[in-house]
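The analysis underlying the following values was restricted to heavy atoms, covering all of them including side chains, and did not include hydrogens, waters or symmetry mates.
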Amino acid sequence: MNENARLFFMVHNLSGHDKLLDGIMIFFTQDALPLFAAVLLIVWFLGNDKMKNMVLYAGIAGIAALLVNFLITLVYYEPRPFATYHTSILIPHAADDSFPSDHATGTFAMAFALWVRNRKLGSAMILCAVLTGISRVWVGHHYPGDIAASIIVALFTVWTIQKMKGLFDPAFSTLIGWYHDICAKFTKKGYK
């Protein structure tokens, strides 16, 4: 058994003993991405244009990071821990590729992109991403190495997107402008 598997069992063997902890971990495993989407929607609708820009950066970071994950799976396959070790899992999952974790990659990418633009919100979302990463191991779906790889993919993706700000800023300004134009048209027609 390698170190990654040993670390997996150190975390995963904690599961199944406390319903509250298991419930928290199941929530983050199943609902982290919808939670992130809800936060981004709230920030979009309640925030100013700078906040809308931040939401677009977070969204593009999440999508781009998941694309990087897909490319990785084309060249490297790692079976999930429960497929290799036949261990119990808290919730069912397909026995597909384990490396890297899409849930962790998506949440970390969005959280890091938010943190670059808003330390307070970004820090809160990084905490949620950390809980998501831990939960993926806790419920038995991923190795810790899968989560570490997800963090690296997320950091690389956000760094790359930051380097391409000159490309994204004008496009995002245009999108935000279109959003305001559409809202103005609906408001003029009496829709509120």
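In terms of the side-chain hydrogen bond (donor to acceptor under 3.5 Å, both in side chains) criterion, Tyr85 has no residue partners (sequence neighbours excluded). Not a single side-chain hydrogen bond (donor to acceptor under 3.5 Å, both in side chains) links Thr107 to another residue, sequence neighbours left out.
Atom CG of residue Leu14 and atom CD1 of residue Ile134 lie 10.5 Å apart, to the nearest 0.5 angstrom. Considering CG of Leu127 and OG1 of Thr132, their distance stands at 9.5 Å, rounded to 0.5 Å. From Leu121, atom CG reaches atom CD1 of Ile126 across 10.0 Å, with rounding to the nearest 0.5 Å.
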List the atom pairs, donor and acceptor, that lie under 3.5 Å between side-chain atoms in residues 21-41 and the rest of the protein, sequence neighbours left out.
| from | atom 1 | to | atom 2 | distance (Å) |
| --- | --- | --- | --- | --- |
| Asp22 | OD1 | Gly16 | N | 3.2 |
| Asp22 | OD1 | Trp138 | NE1 | 2.8 |
| Asp22 | OD2 | Gly16 | N | 3.0 |
| Thr29 | OG1 | Met25 | O | 3.3 |
| Thr29 | OG1 | Ser135 | O | 3.2 |
| Thr29 | OG1 | Ser135 | OG | 2.8 |

Which atom pairs, one a donor and one an acceptor, fall under 3.5 Å between side chains of residues 50-60 and the rest of the protein, sequence neighbours left out?
| from | atom 1 | to | atom 2 | distance (Å) |
| --- | --- | --- | --- | --- |
| Lys52 | NZ | Trp44 | O | 2.6 |
| Lys52 | NZ | Gly47 | O | 2.7 |
| Tyr57 | OH | Asp169 | OD1 | 2.7 |

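The two atoms that bring Ile161 and Ala64 nearest to each other are CD1-CB, 4.2 Å, heavy atoms only. Across all their heavy atoms, Phe82 and Ala94 have their closest contact at CZ-O, 3.5 Å. The two residues Gly140 and Ile89 have their closest heavy-atom pair at O-CG2, 3.6 Å. Among all heavy-atom pairs drawn from Pro79 and Thr84, the shortest one is CG-OG1, 3.5 Å. Between Phe99 and Gly145, the shortest heavy-atom distance links the atoms CE1-O, 3.9 Å. Annotation for Ala113 and Arg117: closest pair O-NH1, 3.1 Å, computed over non-hydrogen atoms.
Cluster annotation: Ile182 is not connected to Leu175 through the hydrophobic network of ILVMFWY side chains, with a link wherever side-chain heavy atoms come within less than 4.5 Å. Linking Ile, Leu, Val, Met, Phe, Trp and Tyr whenever their side-chain heavy atoms come within less than 4.5 Å puts Phe45 and Phe172 in one cluster. Ile91 and Tyr143 fall within the same hydrophobic cluster, where Ile, Leu, Val, Met, Phe, Trp and Tyr residues are linked whenever their side-chain heavy atoms come under 4.5 Å apart, directly or through other members. Clustering ILVMFWY residues whenever any of their side-chain heavy atoms sit less than 4.5 angstrom apart, transitively, puts Val116 in a cluster other than the one holding Phe168. One hydrophobic cluster, built from ILVMFWY side chains closer than 4.5 Å, holds both Met110 and Met125.
When Pro100, Ser98, Ser150 are each tested for a side-chain contact (heavy atoms from CB on, under 4.5 Å) with His142, only one passes: Ser98. Each of Asp102, Thr157, Asp97 was evaluated against Asn69; a single residue qualifies, Asp102, per the side-chain contact (heavy atoms from CB on, under 4.5 Å) test. For the pairing with Ser15, the side-chain contact (heavy atoms from CB on, under 4.5 Å) check across Val137, Leu90, Val139 returns one residue only, Leu90.
Between His180 and Asp49 the shortest side-chain heavy-atom distance falls below 4.5 Å.
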Starting from the C-alpha separation in whole Å, work towards a yes-or-no answer on side chain to side chain contact (heavy atoms under 4.5 Å, CB included) for Arg136 and Asp146.
CA-CA 9 Å; Arg136 301 301 290 167; Asp146 303 338; over 6 Å; no
Trp115/Val158 under side chain to side chain contact (heavy atoms under 4.5 Å, CB included): CA gap, chis, key distance, verdict:
CA-CA 10 Å; Trp115 185 85; Val158 170; over 6 Å; no
Passes side chain to side chain contact (heavy atoms under 4.5 Å, CB included), Phe108 versus Leu155? Steps please.
CA-CA 8 Å; Phe108 273 108; Leu155 285 169; over 6 Å; no
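Chaining together hydrophobic side chains whose heavy atoms lie under 4.5 Å apart places Met10 alongside Leu7. Apart from Ile42 itself, the hydrophobic cluster it occupies contains Leu46, where clustering links Ile, Leu, Val, Met, Phe, Trp and Tyr at side-chain heavy-atom distances under 4.5 Å.
Although no hydrogens or angles enter the test, the distance criterion places a donor-acceptor pair under 3.5 Å between the side chain of Arg80 and the main chain of His141.
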